[in-house]
Structure formats: C-alpha cells, structure tokens
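What follows is a set of notes on a single structure, which appears directly below.
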Amino acid sequence: MDKSMLGDLDSLPEEDKLRMSVMIDQLQIRDSLRMYNSLVERCFNDCVETFKHKSLQKQEESCVRRCAEKFLKHSMRVGMRFAELNQGAATQD
C-alpha cells in the first residue's frame with residue numbers, strides 16, 4: 001500500500017494506523033479481484049460461442065485477447081483520469 005495515503009492519519013495511534021493500512025490493503029485486493037472477475041465474465045460471455053471443443057477456437061481466442069486489451073486500457077485510462085481529478089481537487093484546497 002502507498003504509505004502516503006495514510007498521511008492524514010498522523011494523529012492516530014500506531015495501532016489504528018496499522019488497522020487502517022490493513023483495511024486499505026484488503027479493499028485494494030478486493031477491488032482487483034472484482035476487476036479481474038468482471039474482465040473474465042465479460043470477455044467469456046462476449047467471445048465464447050460453443051462448448052464443442054475443449055480449447056478456444058482461433059476466432060474466440062483473438063476475441064478474448066482484444067476484449068481483455070480493451071478492458072485493461074479502459075481501466076488504466078479511468079484510473080489515470082481519476083488521479084488527475086484527485087490531484088486537481090487536492091491543489092484547490
């Protein structure tokens with residue numbers, strides 16, 4: 001976890017800071033797993049058409065690859081935009 005996130009918590013006792021740090025780490029892990037699960041579910045539903053073969057067909061595989069790339073690029077862009085907005089809000093204070 002980025003320790004700068006706890007900068008505003010300096011007035012808290014060390015035990016509370018540690019608890020907050022653990023909670024933030026758990027939330028980040030949970031959010032990462034949610035994003036991964038969303039990616040898998042969405043790309044699978046969009047790309048896989050049949051279960052006739054035990055492995056993906058070439059068109060299904062390329063569809064999944066494109067879908068995953070788009071999803072990750074979109075997620076990165078949203079994260080970057082959120083960071084820009086967050087930084088802009090912090091400088092206005």
Side-chain angles (χ1 to χ4, degrees):
M1 181 192 70
D2 184 4
K3 297 303 178 199
S4 67
M5 294 174 71
L6 296 176
D8 293 336
L9 305 176
D10 286 336
S11 61
L12 292 176
E14 284 300 316
E15 184 178 317
D16 290 342
K17 285 183 196 178
L18 182 59
R19 249 188 265 152
M20 289 297 293
S21 177
V22 169
M23 286 174 51
I24 290 171
D25 287 343
Q26 289 173 341
L27 289 172
Q28 288 175 337
I29 290 169
R30 186 195 68 196
D31 288 344
S32 295
L33 289 173
R34 280 186 181 167
M35 187 179 93
Y36 177 77
N37 287 336
S38 176
L39 164 68
V40 169
E41 184 177 349
R42 181 178 193 152
C43 293
F44 181 85
N45 290 336
D46 287 351
C47 297
V48 178
E49 298 173 6
T50 68
F51 293 98
K52 293 180 181 179
H53 301 69
K54 64 180 179 179
S55 59
L56 293 175
Q57 299 296 303
K58 281 193 180 236
Q59 66 271 16
E60 292 172 332
E61 190 174 335
S62 63
C63 178
V64 168
R65 185 174 294 116
R66 279 192 315 272
C67 178
E69 287 174 1
K70 285 181 183 180
F71 187 93
L72 293 174
K73 285 179 183 177
H74 172 75
S75 296
M76 286 181 6
R77 179 64 186 132
V78 167
M80 288 172 36
R81 184 67 178 135
F82 179 74
E84 291 169 3
L85 292 172
N86 197 23
Q87 186 177 16
T91 58
Q92 290 178 357
D93 290 340

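Source: prediction; values computed, not measured.
- Between L12 and D16, the shortest heavy-atom contact is CB-CB, 4.2 Å.
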Counting only pairs under 3.5 Å, give me each side-chain donor-acceptor contact of residues 60-79, with atom names and distances, residues two or more places apart or in other chains.
| residue | atom | partner | partner atom | Å |
| --- | --- | --- | --- | --- |
| E60 | OE1 | Q57 | N | 3.0 |
| E60 | OE2 | E49 | N | 3.1 |
| E61 | OE2 | R65 | NH2 | 3.3 |
| S62 | OG | K58 | O | 3.4 |
| S62 | OG | Q59 | O | 3.1 |
| S75 | OG | F71 | O | 3.0 |

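- Taking the salt bridge (Lys or Arg N to Asp or Glu O under 4.0 Å) definition, one finds that R81 meets it with E84, sequence neighbours left out.
- S32 places a side-chain N or O within donor-acceptor distance of the main-chain N or O of Q28, the cut-off being under 3.5 Å.
- Of the possible polar contacts, one joining the N45 side chain to the E41 backbone as a donor-acceptor pair under 3.5 Å is found.
- In terms of the salt bridge (Lys or Arg N to Asp or Glu O under 4.0 Å) criterion, residue partners of E15 (sequence neighbours excluded) are, by chain and number, R19.
- Taking CD1 from I29 and CD1 from I24, the interatomic distance works out to 12.5 Å, rounded to the nearest 0.5 Å.
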